[in-house]
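Quick notes on the structure that follows.
Throughout, numbering of the chain's residues begins at 1 and tracks the sequence. Order of appearance sets the numbers: ligands from 1, and atoms from 1 within every ligand.
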Amino acid sequence: MTSSTEKPTLKKEYLPILQKLQDINKPIEARELSQDLNIGYEKLMSGAIYALQEQGLAKFTEQEEILLHLTDEGKEYVVKGLPERQMFEYFKAKGYKEISLADFQSEIEKELGFSKKLFFIGLNFMKKNKWVVSSKATGAEKIFIYNETAPETPVEQLLNYFKDQSQIFVSSIPSTLQEYLSLLSKRKIITRERITLRMVELTEEGKKIKTDQISLIEEEIQMITSEMIKSGKWKEKLAALKSYDVAVEGPRIQVGKLHPMTIIKNSVREVFHSMGFQEIRGPIIELAFYNFDSLYQPQDHPAREMHDTFYLKQPQKGKLPKKKFVEKIKAIHENGGDSGSTGWGYEWSPEIAKKLLLRTHTTATTLRHLAKVGLEKSKLPVKVFCIDRVFRNEKIDRTHLAELQQIDGIIIGENVTLSDLIGQITEFYKRMGFKKVITRPGFFPYTEPSMEVSVYSEELGAWLEMGGSGIFRPEVTYAWGIKNPIRVLAWGLGLERLAMLKLKRDDIRDLYQSNISWLREVSY
Ligand code: PHE
């Protein structure tokens, strides 16, 4: 406010506060001011002080301070003296020059009502302060007086500051004594509290300004009401209308929200639903029979090893399905059965197929559904997906987890082709926000042909592998009665890769560690 034509404006009720500050004529702490004026702190700060500041008449600065509080124990010592002082006074009052430790202890416990623990604390400090010494020279331990004057210790000097008040700012204690404060904290005589002080002070203009240089507003209008509009009164009140500072940031509201992974899973679900798929679920604890054998994975396949697969210790084995199907799978592995294949040509063991494990891929779950469709002769085409947890015995690092999630899907239909498969996968990723999808030849024991699926990340400028896909081999489908020209298109995609791209994380662990500041800032 430098121009003389532009007078500062102020609510009339704030005038006494300005005058009070002019009287005080030095910075004052806002809480103290609010007590002096008998106005609530919040009200004072957001009302008068804010208005004075806006008009360039006042300013406030923040100051970090440490407030010391006397504990209950500390309060007692302020009145009675520290235990060592009480004990020393007793010693002197009795006129002792020396006393056996045992006698001293029993007298102190009796006369001063000290616990054993407190007695030894006191004794310890008496010795530390060199008021007394102890010696075992004559047999039993004895206490001798050493310094009769026993001058006041820094701890006692500090305690003196608490004589009239149970809390005090560190800054009001002489700096030479401040270094001893930690001794008081250690002895649980005081506690510390970090607080922010707001110092209010007038600007040069605020100090000089006279009442007639201010244009005073009678009453501030917070809001124009419908009555004011009807009566036309709002026009008169316009000058008194409370102004808004639109640049002021609103309070940050931390609302509860869904976890980012849940949101992404739900959008995967939405996309598949929009493409005509239904969601299926299956067991996490799975039989090797569905996880491996039904998928034509030979029983000596390396992926079955303990270092890739988590097997259950208890129970170790589960129940296989009806003998008829077990026989079919056995035949397929041994000689191809009726699938037209020669099989793997080894002796298949039902015991290995009975093993229970943590599902290593959700393909076990889509396979179970395929079996059901075959048995029930469901109406075709069938389109289902499964988005769920799988487990692999991996060392956890930036790009690996032992528990992850997959998106498997199958389409069972007559004369469906590889082009249909490519089309569906491309469409899925397109709807998830990835424009470019590429499929390349791959290998899986259960599909022929097999394809690897990659998407292009504009952000990273790179192709990233997302999973596998293919057409289930007759060795997989024939056992369940699903035969040419009915074919099964299948895929299994990683959820975490997709999530890392969507959420811009480069450490896979971030997705599940749920760092709170990330969760707060991530959009939803
Ligand atoms: N199950 C395979 C994996 O876990 C993916 C896959 C599923 C491949 C279905 C082909 C068909 O990587």
Side-chain angles (χ1 to χ4, degrees), residues 268 272 277 279-284 286-298 301-305 307-310 357-371 373 382-394 399-413 416-426 428-429 437-455 464-480 482 487-500 508:
V268 168
F272 274 121
F277 286 79
E279 183 171 1
I280 55 167
R281 303 287 301 269
I284 283 175
E286 186 55 283
L287 282 166
F289 181 80
Y290 289 112
N291 198 86
F292 295 128
D293 296 280
S294 297
L295 285 162
Y296 196 50
Q297 233 154 307
H301 193 283
R304 294 203 189 205
E305 299 280 323
H307 55 253
D308 284 320
T309 304
F310 290 113
L357 46 81
L358 296 182
R359 166 175 69 192
T360 64
H361 52 184
T362 38
T363 317
T365 299
T366 46
L367 190 278
R368 273 177 180 268
H369 193 77
L370 175 157
V373 168
V382 165
K383 296 165 83 177
V384 292
F385 72 98
C386 172
I387 178 164
D388 217 338
R389 294 151 71 193
V390 304
F391 303 82
R392 290 187 189 172
N393 197 351
E394 298 260 21
T399 52
H400 293 92
L401 291 173
E403 176 183 343
L404 44 148
Q405 306 197 60
Q406 285 191 327
I407 314 161
D408 257 81
I410 49 170
I411 296 175
I412 310 176
V416 287
T417 66
L418 199 66
S419 301
D420 296 319
L421 179 57
I422 296 171
Q424 292 287 311
I425 292 172
T426 309
F428 165 72
Y429 280 113
V437 179
I438 200 171
T439 54
R440 287 179 287 207
F443 174 79
F444 300 98
Y446 31 98
T447 47
E448 182 58 39
S450 305
M451 300 186 297
E452 258 152 28
V453 180
S454 300
V455 301
L464 295 168
E465 214 179 291
M466 300 303 259
S469 64
I471 300 179
F472 275 151
R473 302 169 70 115
E475 289 95 326
V476 173
T477 65
Y478 272 46
W480 311 101
I482 295 178
R487 287 192 278 272
V488 183
L489 313 178
W491 59 88
L493 312 166
L495 177 65
E496 284 80 9
R497 265 287 173 84
L498 186 91
M500 284 164 79
I508 194 166

Is the shortest heavy-atom distance from the side chain of Leu404 to the side chain of Glu394 under 4.5 Å? no
List the protein residues in contact with ligand 1, where contact means a heavy-atom separation under 4.0 angstrom. His361, Thr363, Arg392, Gln406, Asp408, Phe444, Tyr446, Thr447, Gly468, Ser469, Ala490, Trp491, Gly492
Apply ring pair (Phe, Tyr, Trp, His ring centres under 6.0 Å) to Phe428 and list each qualifying residue two or more places apart in sequence or on a separate chain. Phe272
Spatial distance of atom CG (Leu495) from atom CZ (Arg389) [nearest 0.5 Å]: 12.5 Å
Who passes ring pair (Phe, Tyr, Trp, His ring centres under 6.0 Å) against Phe289, sequence neighbours left out? none
Full working for side chain to side chain contact (heavy atoms under 4.5 Å, CB included) between Ile410 and Val382: CA-CA 8 Å; Ile410 49 170; Val382 165; 5.6 Å; no
Go through the structure and list residues passing side-chain hydrogen bond (donor to acceptor under 3.5 Å, both in side chains) with Arg392, not counting sequence neighbours. none
